[in-house]
Trainee: 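After the structure tokens below, expect a handful of questions from me.
Note that the structure is predicted; figures quoted are calculated from it, not measured.
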Amino acid sequence: MASGIQTLRFRGPENKEPAKPQPEPRHSGILQDQLRRAQRRPWTPKFSVAIRIMLLVRAFGAMYSNIDDCDEVFNFWEPLHFLDRGYGFQTWEVTPQHAIRSWAYILLHLFPATLVHFMLGPGKRPAFFAVRYLLAIVSTVAECAFYRTVVSKINERVGRYLYFMMLFNAGMWNASTAFLPSSFAMYTTAFAFSYALEPATLSNKRRTLVATVFFALGAIVGWPFALAISIPFVFEELFVYGGDRVSPQVKNSWLVQRWTRFLTVVLAAALIFIPVIGIDSLAYGRLTAVPWNIVKYNIFGGSERGPDLYGTSPWYYYIHNLLLNFNYLLPLALISLPALAVTYVVDHKRLGFVTPSNDQSSPFTLLALRLAPFYLWLTILTAQAHKEERFMFPAYPLLCFNAAVTLYLVRGWMEVAFVKVTKSPYQASRTLLFRNFTLSLVVGTSFLSLCRIRAMWVYYHAPLSVMSNFESVELPQLLNNTGLLPVFPPGTPEEDIPVIDLAPLKHFDLVLCFGKEWHRFSGHYLVPTGIRVEFIKSDFRGQLPRHFQQTLAGTDTSSNSLWFRPQTRYVPTDVNDLNKEDSSRYVLPETCDYLIDLDFPLHPAESPLEPRYAAETKVWERAICKPFLDARHSSLLTRTLWLPGEAWQAQNEFGDYCLLKNKVLLKSKQEKVRRLVRE
């Protein structure tokens with residue numbers, strides 16, 4: 001062929017048959033679908049999709065959920081505010097001589113607060129919500145990791161039920177963004193079970209290591225008692241074959257290997273103690289092991305001290321509380337083990353085996369061990385006299401998991417009954433009965449939870465709403481009336497008007513007081529800089545928090561360079577662990593410029609120490625008032641759930657949650673500031 005000449009060659013048609021689509025691999029989880037096994041697998045949101053949806057809901061929770069526990073404010077938000085801004089309230093739990101709250105845990109939340117301070121300026125409200133957004137993100141990742149493991153290791157339908165149960169649940173709404181060690185333990189429990197749901201095997205070292213580390217992290221950094229949730233996991237690691245097949249000849253060596261591996265991992269996980277004890281010892285100025293202090297106070301504190309000083313509740317407290325937050329998911333969770341036993345008898349193929357051999361664990365045993373932690377945790381807490389809602393937080397995802405398993409097993413019973421009656425597995429695979437049944441229960445619990453969430457916002461959000469209006473309405477108006485705000489010509493575009501600067505408030509030396517509403521104080525992050533918060537005497541006879549020490553007298557300052565707030569080492573003499581009242585916490589009502597008080601005009605309750613301040617119109621003027629539910633005089637059903645319509649709301653009674661201002665005192669301060677401005 002001559003050079004430079006190009007030719008084209010055409011390839012003839014190839015007689016190749018198109019590749020047949022490969023069937024999807026059979027699901028290998030503990031629970032096996034018995035209908036439609038040859039068809040497309042059930043739909044479940046992918047991890048990326050699940051994260052986006054969950055984060056949207058949790059972000060709303062960060063914005064709009066209430067603060068339901070005064071411990072969250074006084075033991076965590078206030079110490080964080082002290083680290084961030086240098087002042088705040090201090091409880092006896094955060095003093096060196098008692099030290100049952102970990103500065104290491106609090107320090108984890110400092111970064112978002114300081115980052116917002118650096119980016120957006122000195123305003124404190126954005127820092128509050130930045131911390132809540134961080135909690136929402138961590139909770140979202142933990143919940144979605146747990147959900148995807150349930151999909152792959154248990155069953156796809158169970159995972160789907162679990163996801164939507166957690167997504168809209170009122171209990172998860174409260175716990176996911178709460179600044180509490182029990183919420184932290186909830187995150188670590190969800191992360192731990194995202195590995196612990198896998199069967200234990202000698203070859204799966206990752207399961208043992210990662211799950212143990214997360215359990216230890218929740219106990220050491222968060223709440224030591226949460227470690228009890230891991231007991232079934234530990235039992236499986238040490239004694240249950242799991243995914244191993246072990247003949248009698250090698251059982252002893254198998255036990256030695258399992259025990260050796262687990263103890264090695266426990267020693268590795270115990271290294272978490274080093275930074276935690278180091279940070280807490282640095283903060284308190286003495287060697288401090290906070291997890292041990294918590295256990296010592298709550299269990300070995302003696303008859304004069306301990307958690308019972310702060311109230312006791314009947315055995316059914318958690319039943320009532322969980323029914324409020326989880327509605328009928330609670331009974332579904334409670335019957336999960338009996339439902340598993342019934343399934344073993346009537347639908348044993350759903351458990352993925354026909355006849356288990358002696359050298360392996362049955363799926364029945366493995367699933368029972370995964371359902372047991374919720375029962376164990378509920379039993380332990382019920383046995384305690386002192387009960388609080390937050391104590392159940394670590395088991396909230398597990399409650400949803402147990403309920404999801406029960407729902408799936410009940411669906412299986414229905415399938416078995418349908419096939420037995422119709423004699424047609426094909427007809428059973430085509431009917432919508434089972435899908436509609438499970439869908440109705442998942443949608444139903446979500447609807448009830450949304451009604452509960454709405455009720456909590458409408459009925460009890462007033463403390464946060466009042467503080468928001470205090471900063472955005474009342475204080476700017478005070479500055480405006482005093483001439484401390486710039487005046488803009490009429491018609492000035494809104495975008496040309498800068499954010500109101502509340503810094504001139506320092507000239508007023510304002511005092512905001514709390515009396516009987518001390519337990520609903522939402523924290524200094526929601527009180528603008530320049531306003532001092534104090535308590536006035538009420539009928540409460542317990543110990544209220546003190547202000548963090550502002551001077552270093554009596555404080556070890558030898559290593560100040562390593563700890564930026566050495567005042568945390570100060571040993572106050574006016575605190576106790578017996579909940580005894582200290583009169584130094586109070587100021588006189590007449591020294592308060594503003595006062596937060598709750599008034600029920602339809603059913604007034606007053607005493608010499610708790611008068612109706614809102615009715616004393618000669619002294620106090622209502623600056624801001626928001627409705628607050630009078631639970632004692634409202635219907636049980638309508639105060640539990642919110643529904644639109646006058647007929648429903650007519651069953652409720654409301655009081656006024658008010659910010660009151662001292663007319664005479666504020667007027668004199670305004671005159672004083674005006675004189676300063678003129679000068």
Trainee: Name the one of Phe179, Tyr187, Trp223 that satisfies ring-ring contact (aromatic ring centres under 6.0 Å, His included) with Tyr105?
Mentor: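 Exactly one candidate clears the test, Phe179.
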Trainee: Would you name the heavy atoms of Ile500 and Pro476 that are closest together and state the gap between them?
Mentor: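 It is CD1-CB, 3.7 Å.
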Trainee: What pair of heavy atoms forms the shortest contact from Pro224 to Pro291, and how long is it?
Mentor: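 It is CG-O, 3.8 Å.
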Trainee: Taking the side chain from Glu621 and the backbone from Thr617, do they hold a donor-acceptor pair closer than 3.5 Å?
Mentor: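 Looks like no, no N/O pair under 3.5 Å.
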Trainee: Return yes if some donor-acceptor pair links the side-chain N/O of Asp656 with the main-chain N/O of Cys658 below 3.5 Å, else return no.
Mentor: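 Not a single qualifying donor-acceptor pair exists.
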Trainee: Do Tyr460 and Phe628 have ring centres separated by under 6.0 Å?
Mentor: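 Yes, they do, as the ring centres are separated by less than 6.0 Å.
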Trainee: Are side-chain heavy atoms of His81 and Tyr525 found at a separation under 4.5 Å?
Mentor: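 When only atoms from C-beta onward are counted, Tyr525 and His81 do touch, with a gap below 4.5 Å.
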Trainee: Could you tell me whether the side chain of Asn576 and the main chain of Asn579 form a donor-acceptor pair under 3.5 Å?
Mentor: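 Yes; judged by distance alone, with no hydrogens or angles, the pair exists.
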Trainee: Taking salt bridge (Lys or Arg N to Asp or Glu O under 4.0 Å) as the definition, give me every residue that meets it alongside Arg58, ordered by chain and number, with sequence neighbours left out.
Mentor: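 Glu143.
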Trainee: Report the distance from atom CG of Asp599 to atom CZ of Arg612, rounding to the nearest 0.5 Å.
Mentor: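 Here the interatomic distance stands at 4.0 Å.
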Trainee: Is a side-chain donor or acceptor of Ser139 paired with a backbone partner of Leu135 at a separation under 3.5 angstrom?
Mentor: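 It does not hold such a pair.
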Trainee: Where do Met63 and Tyr133 land on the side chain to side chain contact (heavy atoms under 4.5 Å, CB included) test, with the steps shown first?
Mentor: CA-CA 8 Å; Met63 287 294 296; Tyr133 279 131; 3.0 Å; yes
Trainee: Does any part of the side chain of Pro463, heavy atoms only, come nearer than 4.5 Å to the side chain of Val466, both counted from C-beta?
Mentor: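 Side chain of Val466 against side chain of Pro463, heavy atoms only: no contact under 4.5 Å found.
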Trainee: Do side-chain atoms of Trp103 reach the backbone of Val94 as a donor and acceptor pair under 3.5 angstrom?
Mentor: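 A pair under 3.5 Å: no.
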Trainee: Restricting to non-hydrogen atoms, name the atom on Ala99 and the atom on Pro96 that form the minimum distance, rounded to 0.1 Å.
Mentor: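 The answer is CB-O, 3.9 Å.
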Trainee: Sub-3.5 Å donor-acceptor pair from the side chain of Arg286 to the main-chain atoms of Ala283, do we have one?
Mentor: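 Not at all, since once roles are kept as given, no pair shorter than 3.5 Å links the two residues.
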Trainee: How about CH2 on Trp648, more than 12 heavy atoms from neighbouring residues, nucleotides or ligands closer than 6.0 Å, or not?
Mentor: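 Check passes, neighbour count above 12.
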Trainee: Sub-3.5 Å donor-acceptor pair from the side chain of Asn469 to the main-chain atoms of Ser465, do we have one?
Mentor: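 Confirmed, Asn469 side chain pairs with Ser465 backbone.
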Trainee: Heavy-atom distance under 4.5 Å between the side chains of Trp642 and Pro644, does that happen here?
Mentor: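 Counting from C-beta outward, Trp642 and Pro644 do come under 4.5 Å.
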Trainee: As a quick check of understanding, evaluate side chain to side chain contact (heavy atoms under 4.5 Å, CB included) for Leu399 and Leu329, giving each step before the final call.
Mentor: CA-CA 8 Å; Leu399 188 157; Leu329 293 186; 4.2 Å; yes
Trainee: Checking side-chain contact (heavy atoms from CB on, under 4.5 Å) against Gln543, which of Leu309, Asp574, Val575, Thr91 comes through?
Mentor: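 Filter result, single survivor: Val575.
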Trainee: Kindly compute the distance separating NZ (Lys124) from CG (Leu502), expressed to the nearest 0.5 Å.
Mentor: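 If I round to the nearest 0.5 Å, the distance is 10.5 Å.
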Trainee: Going by distance alone, is a donor N or O of one side chain under 3.5 Å from an acceptor N or O of the other, for Asn652 and Tyr459?
Mentor: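 There is such a pair (donor and acceptor under 3.5 Å, judged by atom type) between the side chains of Asn652 and Tyr459.
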Trainee: Would you tell me whether Glu93 and His98 have side-chain atoms, one donor and one acceptor, within less than 3.5 Å of each other?
Mentor: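 No - no donor-acceptor pair under 3.5 Å links their side chains.
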Trainee: Test side chain to side chain contact (heavy atoms under 4.5 Å, CB included) on Arg585 and Arg546 and set out the steps.
Mentor: CA-CA 6 Å; Arg585 305 291 195 267; Arg546 66 189 296 276; 3.7 Å; yes
Trainee: Is the side chain of Arg452 donor-acceptor paired with the backbone N or O of Leu641 at a distance under 3.5 Å, no angle test?
Mentor: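 No, because the side chain of Arg452 does not come within donor-acceptor range (under 3.5 Å) of the backbone of Leu641.
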Trainee: State the CD-CG distance between Glu534 and Leu544, to the nearest 0.5 angstrom.
Mentor: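 CG of Leu544 is found 11.5 Å from CD of Glu534.
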Trainee: Under a plain distance cut-off of 3.5 Å, with no hydrogens placed, do His524 and Glu78 share a side-chain donor-acceptor pair?
Mentor: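 Side-chain D/A pair, Glu78 to His524: present.
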Trainee: What do the steps show when you test Tyr396 against Asn325 for side chain to side chain contact (heavy atoms under 4.5 Å, CB included), and what is the final call?
Mentor: CA-CA 10 Å; Tyr396 275 6; Asn325 289 321; 3.8 Å; yes
Trainee: Under 3.5 Å, is there a donor on one side chain and an acceptor on the other for His386 and Glu388?
Mentor: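 Yes - a donor-acceptor pair under 3.5 Å links their side chains.
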Trainee: Distance check, rounded to the nearest 0.5 Å: Asp630 atom CG versus Arg639 atom CZ?
Mentor: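 Between atom CG of Asp630 and atom CZ of Arg639 there are 10.0 Å.
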Trainee: Under 3.5 Å, is there a donor on one side chain and an acceptor on the other for Glu474 and Tyr594?
Mentor: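 Distance-only check passes for Glu474 and Tyr594.
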Trainee: What is the minimum heavy-atom distance between Leu526 and Met467, and which atoms define it?
Mentor: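 Looking at all heavy atoms of both residues, the shortest contact is O-CE, 3.6 Å.
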Trainee: Around atom OH of Tyr310, are there more than 12 heavy atoms of other residues, nucleotides or ligands at under 6.0 Å?
Mentor: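 Check passes, neighbour count above 12.
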Trainee: Enter the distance from Cys513:SG to Asn662:CG here, rounded to the nearest 0.5 Å.
Mentor: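 With rounding to 0.5 Å, SG (Cys513) is 9.5 Å from CG (Asn662).
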Trainee: Identify which one of Val587, Asp509, Val527 satisfies the side-chain contact (heavy atoms from CB on, under 4.5 Å) criterion when paired with Arg532.
Mentor: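 The passing option is Asp509.
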Trainee: More than 12 non-hydrogen atoms from neighbouring residues, nucleotides or ligands closer than 6.0 Å to NZ on Lys663, yes or no?
Mentor: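 Yes, NZ of Lys663 has more than 12 neighbouring heavy atoms, counting only those of other groups under 6.0 Å.
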Trainee: Indicate yes or no for a side-chain donor-acceptor contact from Thr288 to the backbone of Val290 under 3.5 Å, with no hydrogens or angles considered.
Mentor: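 No: the side chain of Thr288 does not pair with the backbone of Val290.
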Trainee: Should Ile100 and Trp92 count as side-chain neighbours, where that means a heavy-atom distance under 4.5 Å?
Mentor: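 Sidechains of Trp92 and Ile100: in contact.
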Trainee: Would you call Phe82 and Arg565 a side-chain contact if the rule is heavy atoms closer than 4.5 Å?
Mentor: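 When only atoms from C-beta onward are counted, Arg565 and Phe82 do touch, with a gap below 4.5 Å.
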Trainee: Would you check if the side chain of Thr591 reaches a backbone N or O of Leu588 as a donor-acceptor pair within less than 3.5 Å?
Mentor: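 Looks like yes, one N/O pair under 3.5 Å.
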Trainee: Regarding Asp597 and Lys516, does a basic nitrogen lie under 4.0 Å from an acidic carboxylate oxygen?
Mentor: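 Counted as a salt bridge, because a side-chain N and a carboxylate O are separated by less than 4.0 Å.
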Trainee: Would you mind reporting whether Leu322 and Leu378 have side-chain heavy atoms less than 4.5 Å apart?
Mentor: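 Leu378 reaches Leu322 side chain to side chain.
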Trainee: Do Thr568 and Trp563 have side-chain atoms, one donor and one acceptor, less than 3.5 Å apart?
Mentor: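 Per modelled atom types, Thr568 and Trp563 side chains form a pair under 3.5 Å.
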Trainee: Using ring pair (Phe, Tyr, Trp, His ring centres under 6.0 Å), reason through Phe184 and Phe393 one step at a time and then give a plain yes or no.
Mentor: CA-CA 9 Å; Phe184 183 82; Phe393 285 2; over 10 Å; no
Trainee: Scan Trp518, Phe521, Phe89 and name whichever one has a ring-ring contact (aromatic ring centres under 6.0 Å, His included) with Phe535.
Mentor: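 Checked Trp518, Phe521, Phe89 against Phe535; only one passes ring-ring contact (aromatic ring centres under 6.0 Å, His included): Phe89.
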Trainee: Could you grab the distance from atom CG of Leu659 to atom CH2 of Trp620, nearest 0.5 Å is fine?
Mentor: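 Going from CG on Leu659 over to CH2 on Trp620, the span is 9.5 Å.
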Trainee: Can you tell me if CD on Glu590 sees more than 12 non-hydrogen neighbours from other groups inside 6.0 Å?
Mentor: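 It does: Glu590 CD has more than 12 such atoms within range.
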Trainee: Between Phe128 and Trp77, does a ring pair (Phe, Tyr, Trp, His ring centres under 6.0 Å) hold up when you go through it step by step?
Mentor: CA-CA 9 Å; Phe128 172 83; Trp77 280 113; 4.6 Å; yes
Trainee: Is there a side-chain contact between Val673 and Phe508 in this structure, where contact means two heavy atoms from C-beta onward sitting under 4.5 Å apart?
Mentor: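 Side-chain contact under 4.5 Å: yes.
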Trainee: Mind checking side chain to side chain contact (heavy atoms under 4.5 Å, CB included) for His117 and listing every partner two or more places apart, or none if nothing turns up?
Mentor: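 With sequence neighbours excluded, His117 shows a side chain to side chain contact (heavy atoms under 4.5 Å, CB included) to Asp84, Arg85, Pro122, given in chain and number order.
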Trainee: May I ask you to say whether Asp593 pairs ionically with Lys661, meaning some side-chain N is under 4.0 Å from a carboxylate O?
Mentor: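 So Asp593 does not pair with Lys661 through a salt bridge.
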Trainee: Say whether Glu581 and Tyr586, considering side chains only, have a donor N or O and an acceptor N or O under 3.5 Å apart.
Mentor: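 On atom types as modelled, these side chains qualify, holding a pair under 3.5 Å.
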Trainee: Is any side-chain heavy atom of Phe76 less than 4.5 Å from a side-chain heavy atom of Arg101?
Mentor: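 Phe76 reaches Arg101 side chain to side chain.
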